[in-house]
Protein chains: 4
Amino acid sequence: MPKLGMEPIRRRALIDATIEAIGEVGSLDVTVSQIAERAGVSAALAHHYFGGKEELFLATMRELLVRLGEAARQGLGRARTPRDRISALIAACFSADQFEPATIAAWLVFYVRAQSSESARRLFRIYARRLDSNLRFAFRQLTGTTDAVRLAEATAAMIDGLWLRHALKDGPPDPETAVALVEDFVDDALDARGRPAS
Amino acid sequence: MPKLGMEPIRRRALIDATIEAIGEVGSLDVTVSQIAERAGVSAALAHHYFGGKEELFLATMRELLVRLGEAARQGLGRARTPRDRISALIAACFSADQFEPATIAAWLVFYVRAQSSESARRLFRIYARRLDSNLRFAFRQLTGTTDAVRLAEATAAMIDGLWLRHALKDGPPDPETAVALVEDFVDDALDARGRPAS
Amino acid sequence: MPKLGMEPIRRRALIDATIEAIGEVGSLDVTVSQIAERAGVSAALAHHYFGGKEELFLATMRELLVRLGEAARQGLGRARTPRDRISALIAACFSADQFEPATIAAWLVFYVRAQSSESARRLFRIYARRLDSNLRFAFRQLTGTTDAVRLAEATAAMIDGLWLRHALKDGPPDPETAVALVEDFVDDALDARGRPAS
Amino acid sequence: MPKLGMEPIRRRALIDATIEAIGEVGSLDVTVSQIAERAGVSAALAHHYFGGKEELFLATMRELLVRLGEAARQGLGRARTPRDRISALIAACFSADQFEPATIAAWLVFYVRAQSSESARRLFRIYARRLDSNLRFAFRQLTGTTDAVRLAEATAAMIDGLWLRHALKDGPPDPETAVALVEDFVDDALDARGRPAS
DNA sequence: AATGAATGAGCCTTCATTCAT
DNA sequence: AATGAATGAAGGCTCATTCAT
């Protein structure tokens, strides 16, 4: 039954369906029909609203990025100290939303996509830069600039690595352990900084 | 004119071509024809020798895994202390061979493939388990068992994360910095271990 | 806000938009949406008023035919002699209205359409018959019946041919030259008639 | 049963099938599958050999043009006088090959195509220019240069017009009458030239 | 040993058309 | 009077795969 104002609803449904479908299949080899069916609409409608498969994927990536950005922003808002800010960023990356199997899978898949699609890469750069600069900024208040850069990179790498490994694990996601590993790393690294001559 | 004993030559050429092609395109969306052309043979021949695209990909993954395994084995052979063994493993992961753009891309792509292909996942498990157990074994000689597990996982995660990030960078690979980051992490972590109450 | 008496306005707008669209694209491969947009209405409305694409095309053809018919009638009204009548018909075919690029293109396109659509062919027959009989009638007053048929056919053919060739030319239409060519042909033909044995 | 050297055979079969299919349907709205089926092959093969529908159409046009060119060349070879050359060109345009219903339809359809496809237009220009220059050359030997241009254009137009009209006629083609009309036109025109003051 | 020939299956995309509002 | 919403049907194209040579 056609109603007015369906567009945002359909777009949202299609994007969610895309995440689910990619999550289930574990790759971008998902047909528009599969996605549309999951969203309860025809494939033609997906094209109608997004223009094509490529754009649907891009919109989905953007959504993923936005969600992560919001999680980070909220966490940062509640943080009081620089060390808190770092924890907030780590927590955001492993928050329930982000760590659902389908979401992890979708992230990973888009990560790879970024290798071959210029538009995808552009989107990812924005995300990477934002996370990095947030981390760097927090670290800088705890160490010198040079170390901040290093530590920010290492932290980001570990986060990504844990994501990656979770994407391949069979069992349920285990965000607590992941967070603990990164936190320990940060603690140790900052600790070592404070005691230069060991 | 058909020659005798061409099989190993062709197989090798096709596997190399697969790595190159995937590296260039940045995804598994490579046609058998493209690969075959790059190897200087017909697409039909690829099927003749491998049975199908799937098997060609699997063989290529296996090759990648073997190469990494060999790099690790060689490094471990020269290592004298447990700490040396850890460094050897890190170095192997970032050795010149492994860190060529095409290879990084191929790894990443196969990583994702593992999500949807049971056979691919099986192969990767073997690799992950071997790296993990090697790391764990070395760490266990420097820390307690519990910490060894944790540290091994964190180290492996950081390595994977650095790989991932390099896969998306535009510039030339920078293995030295990557190695330094991981080594620092290990140093700091072991350091912290030795001085429990900080 | 819906207004009353919109029907004729919309129909006219849609027909004009059809001519323009066909003229611009140079073929019948025009979507109903494109036409509707050009007319400033929704595609659904086009169906509402015409019933379908086919009927819209047919209505457009009819319009084209009517315009040509009117141009001819007006010219014939002012003609005094049989020879004048011939000139009037020629002039009508190359009158400004008919010789606009979009109109030429539309004519040509519909001409082809007539090959595959019975209804389109029927419309064209009416036009062709009317032009032919007008020409024949005029010629008959200047020559014998047999020759009149021949000359009418030749004249009509030349007119159509000149149209065709103009449809493919890049530059601006050149009705004067076209008219001159046909007039010369008629003159020469009639001349030859008068002097049978050469 | 796959054999070697099939390519030229298949190409030829596909081109012939294209002409037939277009001729039967009377428009370019022919699917590749229809054409392929008529040629006794799969649609995929058509793409394999031609790359796409567009190229298949272009190749078909080229073939049509070549056939016409050959008919003209043969006729010209046998012509002794300038007037003979003109007749030869006219005859070529209405020769049995060219005047088959399917061929006429295909010509007409491609003629229209030229309006929207740059590549098609380019091909047609070549044909038009060649026919024109041949005609002009012959006329120039019989009249002054200025008249030659005019007469060549008028002749070409009449030929095209007769083609056009035949394309829409239901009955069987009637090349003799068509040729007679054009020949009469040429005769009368040349006659008139010779007797300037009437 | 190697390949040209050939195809079936499947996907993206377009578009005319319908319907409820 | 007019339109946004929605879809079924169909077409072009790609590609892995097979087969006879």
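In what follows, chains are A, B, ... by sequence order, proteins preceding strands, each numbered from 1. In what follows, every heavy atom counts, from backbone to side chain, and hydrogens, waters and symmetry copies are set aside.
- Using the six-membered ring where Trp is involved, Trp107(D) and Tyr127(D) have ring planes that are tilted, between 30° and 60° apart.
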Please enumerate all protein N or O atoms sitting under 3.5 Å from an N or O of nucleotides 7-9 of chain E, with distances to 0.1 Å.
residue : atom : partner  : partner atom : Å
dT7(E)  : OP2  : Ser42(D) : N            : 2.9
dT7(E)  : OP2  : Ser42(D) : OG           : 3.1

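- The distance from the CG atom of Leu65(A) to the OG1 atom of Thr60(A) is 11.5 Å, given to the nearest 0.5 Å.
- Note on residues 114-125 of chain A: pairs passing side-chain hydrogen bond (donor to acceptor under 3.5 Å, both in side chains), not counting sequence neighbours, are Glu118(A)-Arg121(A), Arg125(A)-Asp170(B).
- Computed from coordinates, the Lys53(C) NZ to dT14(E) P distance equals 15 Å when rounded to whole Å.
- Residue pairs that meet the side-chain hydrogen bond (donor to acceptor under 3.5 Å, both in side chains) test with at least one member in residues 46-55 of chain B, sequence neighbours left out, are Glu54(B)-Arg113(B).
- Going from atom CG of Leu4(D) over to atom C1' of dA2(E) covers 12 Å, rounded to whole Å.
- Classification of Asp16(A) and Arg67(A) as a salt-bridged pair holds, one side-chain N sitting under 4.0 Å from a carboxylate O.
- Residues from residues 13-33 of chain C lying near DNA chain E, meaning a heavy-atom separation below 4.0 Å, are Val30(C), Thr31(C), Val32(C) in numerical order.
- Residue Glu54(D) is the one, among Glu55(B) and Glu54(D), whose nearest nucleotide of DNA chain F lies closer to the 5' end (criterion: closest heavy atom).
- The nearest pair of heavy atoms linking Ala105(C) to Gly23(C) is CB-CA, 3.8 Å.
- For the pair Gln34(C) CD and dT14(E) C1', the interatomic distance rounds to 11 Å; values are reported in whole Å.
- Within the structure, a side-chain polar atom (N or O) of Arg10(C) is placed less than 4.0 Å from OP1 or OP2 of dA2(F).
- Below 30°, between 30° and 60°, or above 60°: for Phe57(C) and Phe110(C) the angle between ring planes is above 60°, a perpendicular geometry.
- When the side-chain hydrogen bond (donor to acceptor under 3.5 Å, both in side chains) test is applied to Arg11(C), no partner is found at least two apart in sequence or on another chain.
- Between the CZ atom of Phe50(C) and the C1' atom of dA16(E) there is a distance of 16 Å, rounded to whole Å.
- Here the CD1 atom belonging to Ile104(C) is positioned 10.5 Å from the CG atom belonging to Leu164(C), to the nearest 0.5 angstrom.
- The distance from atom CD of Glu63(A) to atom CG of Leu58(A), rounded to the nearest 0.5 Å, is 13.0 Å.
- The nearest whole Å value for the distance from the CD atom in Glu37(B) to the P atom in dT14(F) is 15 Å.
- Taking atom CE on Met6(D) and atom C1' on dA20(F), their separation rounds to 13 Å, with Å as the unit.
- Rounded to an integer number of Å, the gap from CZ of Phe57(B) to P of dC15(F) is 12 Å.
- Helix-axis bend for the helix from dA2(E)-dT21(F) to dT21(E)-dA2(F): the local axis fitted to the five terminal pairs at one end deviates from that at the other end by 20°, rounded to 10°.
- When heavy atoms are screened at a 4.0 angstrom cut-off, Tyr49(D) is found touching the sugar-phosphate backbone but no base atom.
- The CD1-P distance, from Ile9(B) to dA2(E), rounds to 9 Å in whole Å.
- Enclosure of atom CD in Gln34(B) by more than 12 non-hydrogen atoms of other residues, nucleotides or ligands within 6.0 angstrom is indicated.
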